[in-house]
Amino acid sequence: MINKKIIRTLKVIILLFLVANKINAQKATERSQWFVDDRFGMFIHFGLYSAAEGYWHGEKIRYDNNYAEWLQYRNRIDTKDYISLINRFQWDELDPEQWVILAKKAGMKYITITAKHHDGFALWDSKVSDYSIGNYTSPKRDIIKELAVACKKHGIKLAFYYSHWVDWEHKYGWDHTKELTGITELEYDKYWQEKVIPQVRELLTNYGEISIMWFDMWIHHSRTIITKKQLIQLKNMIRELQPNCLINSRLGLSIEEDSDIDFRTLGDNQLGKEKLDYPWQTAGTVAHSWGYHATENQWKSTTSLLKSLINNVSLNGNFMLNIGPRANGEVPYEITDRLENIGKWLEINGESIYKSEAFDLRTDLHDWGKITSKTENGKTKLYLHVFNWPLDHQIRVTGIKSTPSKIYLLSDKLETSIKYDQKEVATRIYLPFKAPDPYASVIVMEFNHKPKIEKGLVGESIAGGYALTPKNTIKSEGSTTILSPSKFGSIPERLIIEGNSAYEWRVYIDQPGTYFLDISYSFQDKENNSSMTLEMAGTKLKHNFKGTGKTVGEPKSAWIIDSYNSHPLGEIKIDHPGFYDIKLDVNVIKNQTIKFNRLWLKKS
Ligand code: JFZ
């Protein structure tokens, strides 16, 4: 009797623990859940700089990254001259609703507009500062109001970018020249109290519900004039005026420093590399500049932008893609083209993005693409995003133990089952010959419960072998220093081995037969006294390291680099399907170094 009670209580505790963990895993709060669900938003950089198009008096903006919105600062322009750009705007043509319609078409769920960028110019009719659009237009325009109305009409959430730290107009606002000339804390606080605080108050009072206040200070507050106290003052005011409004980490307070910050913004165009357990976002551009730039020419492809979105979602992240409209409101063709194509893709495949999240397998496990997942009503769906349709029309999925109830193409509304084979943790899906989508095709694996997985395995490559690398080991002893690729990747990732070291990998082999192994490394010593032994399925293979010499990285550039060469180790007979451990023992004699690149295991 008592035992039963205890067991029941324990069950409840375990369940509560699991539920709490699930929430923790993404740490979305009630406030930020919509943001995590929506995944995709639009960024708009629009301001006086839009009319300059990256040029001032015939000269291109002075900086390689082409950030056209930095023109005033880079080209050292006085505010009284800079404001003349207002005359180039085509007010009759300018219609912010068109941006909202474009966002809607692109499948974006929210819009963040630069209400005030670093130049300090307010895009709304601000009563706080004369330096506002209302003062320079007749009839008065208020771009923020117009956008707010359009957003409401089309069901898009509205967010504001507000440059709180940098302001090139206010006498005491921050600009980087002040690193030389100095400014007192008292002076900076004057700017803060008479411009920042009342302007943000206006923005959160007069334009309805604001979903995010997006700030932009990319260094820690301890390294500049701004004080933590000022940041907290600003944050508290936002919480008071609009408790549901999210605040990003570029306010200058990191998530670690203040858990009340709603999400982290990574560096510009910096995509996620690992799963994070809190909401995060990448802000990205279609080319380089945020503000419109006339001679921008390196446009990212639709495929690459879509991959950025998919990559981030597969790591629990968000993607906010920028448009830089011209001073007549027009959005460059290259941008609308990408956005419309992404929107068409999302119309078919959006289920794999909205309300989807990371799956528990390692993010780089499969070389055919990325997995996102969704659990609803007890059912789990895995969305396999295939970027490169395999030549042999097979997708190899490693590490899933549970049997799917069904596999089908997301683009197939009839959900016709696709054939597959599954042995233990190896699933082979037999695909149609032609990829259903030119950008990324999505295959759905459906389960009646959360699928069980096996972690730590090396994934089977799209080419049908296994690459055992320094990073996908299950065990390592001895040297563990892994160096990243260098010289533009001509020198590969490598593990620096000195002394006696041992490494272990685990694979699942579903197709018995004769397997072949080779090892790639660089060895720069003359004496061949260092050696290795590899053991797999009861077979031992030995190898004495041989000098690999040098190679030329680039012609005529004195780029002599270490050569990494492949060396056959021999064959291994695999009689039955199963899990196999591969143990590599490396014996490097004193003063010698092995730079280990990878092993390659493949059915011969
Ligand atoms: C800032 C702005 O200066 C820029 O004009 C634009 O608005 C962009 C979205 O944000 O630029 C940054 C901010 C952060 C980093 C780089 C550029 N960063 O963290 O790498």
Side-chain angles (χ1 to χ4, degrees), residues 41-54 56 60-75 77 82 85 99 108 110-123 143 159-169 173-179 196 212-226 231 246-257 261 263-273 276 280-293 296 300 305 308 312 317-325 335:
M42 174 183 272
F43 209 174
I44 302 179
H45 274 69
F46 189 68
L48 289 171
Y49 47 81
S50 308
E53 312 201 330
W56 184 253
K60 192 184 90 66
I61 177 165
R62 297 170 192 160
Y63 206 68
D64 286 343
N65 72 11
N66 267 353
Y67 279 11
E69 68 282 2
W70 272 76
L71 181 78
Q72 180 179 12
Y73 182 78
R74 296 286 178 219
N75 289 41
I77 306 166
Y82 180 73
L85 286 167
W99 306 333
M108 294 158 157
Y110 60 97
I111 293 180
T112 308
I113 185 165
T114 49
K116 185 196 92 172
H117 202 266
H118 302 336
D119 61 9
F121 187 72
L123 270 195
I143 300 299
F160 295 141
Y161 171 114
Y162 184 89
S163 178
H164 61 321
W165 172 42
V166 176
D167 188 306
W168 301 322
E169 179 262 344
W174 185 254
D175 81 52
H176 297 349
T177 306
K178 293 195 167 98
E179 287 180 14
V196 178
I212 307 172
M213 279 304 300
W214 207 97
F215 295 103
D216 198 2
M217 181 166 73
W218 54 95
I219 61 175
H220 191 257
H221 57 77
S222 61
R223 296 175 55 208
T224 182
I225 186 81
I226 227 165
L231 295 177
L246 307 186
I247 301 174
N248 71 334
S249 58
R250 279 198 205 166
L251 174 69
L253 290 173
S254 64
I255 301 249
E256 291 77 15
E257 188 173 357
I261 295 295
F263 66 90
R264 180 171 156 208
T265 303
L266 305 190
D268 295 6
N269 281 308
Q270 190 194 318
L271 299 175
K273 290 211 174 84
L276 298 173
W280 62 275
Q281 174 200 56
T282 298
T285 48
V286 181
H288 292 285
S289 180
W290 300 87
Y292 181 79
H293 191 292
E296 190 88 87
K300 293 164 202 164
L305 295 167
S308 302
N312 280 12
N318 222 290
F319 191 52
M320 179 164 76
L321 188 56
N322 180 71
I323 68 169
I335 296 183

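Numbering of residues begins at 1 and proceeds along the displayed sequence. Both ligands and their constituent atoms are indexed starting at 1 by order of listing.
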_Checking side-chain polar atoms at under 3.5 Å, does Asp119 have a donor or acceptor matched by the opposite partner on Tyr49?_
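Judged by distance alone, the side chains do not pair up.
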
*Side-chain H-bond candidate by donor/acceptor type, Thr114 with His45, under 3.5 Å*: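 Judged by distance alone, the side chains do not pair up.
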
*Looking only at heavy atoms, is any part of His117 under 4.0 Å from ligand 1, and if so is it the side chain, the backbone, or both, or is it neither?*
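Under 4.0 Å from ligand 1, His117 contributes side-chain atoms alone.
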
*asked:* With a heavy-atom distance limit of 4.0 Å, tell me whether Asp268 approaches ligand 1 through its side chain, its backbone, both, or neither.
replied: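 Within the 4.0 Å criterion, Asp268 contacts ligand 1 through backbone and side-chain atoms alike.
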
With respect to [X], determine whether any N or O atom, backbone or side chain, lies less than 3.5 Å from an N or O atom of ligand 1.
{"X": "Trp218", "value": "no"}
{"X": "Trp70", "value": "yes"}
{"X": "Trp290", "value": "no"}

*Considering residues at least two apart in sequence or located in another chain, which fulfil the side-chain hydrogen bond (donor to acceptor under 3.5 Å, both in side chains) criterion with Tyr161?*
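In terms of side-chain hydrogen bond (donor to acceptor under 3.5 Å, both in side chains), with neighbours along the sequence ignored, Tyr161 is linked to His117, Asp216.
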
Within ligand 1, which atoms have a heavy atom of [X] less than 4.0 Å away?
{"X": "Tyr161", "value": "7 (O)"}
{"X": "Glu69", "value": "4 (C), 5 (O), 6 (C)"}
{"X": "His118", "value": "2 (C), 3 (O)"}

*Taking salt bridge (Lys or Arg N to Asp or Glu O under 4.0 Å) as the test, write out the residues that go with Arg62, two or more places apart.*
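Per chain and number, Arg62 pairs via salt bridge (Lys or Arg N to Asp or Glu O under 4.0 Å) with Glu59.
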
Could you tell me the residue and atom name of the protein heavy atom closest to [atom], and the distance to it rounded to 0.1 Å?
{"atom": "atom 13 (C) of ligand 1", "value": "Arg250 NH1, 3.1 Å"}
{"atom": "atom 1 (C) of ligand 1", "value": "Asp216 OD2, 2.9 Å"}
{"atom": "atom 18 (N) of ligand 1", "value": "Gly267 CA, 3.7 Å"}

_Pair Phe46 and Trp99, ring centroids less than 6.0 Å apart_ =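 Under 6.0 Å, so yes.
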
*What about the rings of Trp174 and His221, do their centers lie closer together than 6.0 Å?*
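No, ring centres 6.0 Å or more apart.
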
*Would you call the rings of Trp290 and Tyr67 parallel, tilted or perpendicular, where under 30° means parallel and over 60° means perpendicular?*
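The arrangement is perpendicular - the two ring planes meet at more than 60°.
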
*Side-chain contact test, heavy atoms from C-beta onward, threshold under 4.5 Å: evaluate it for Met320 versus Trp214 and give yes or no.*
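Yes, close enough: below the 4.5 Å cut-off.
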
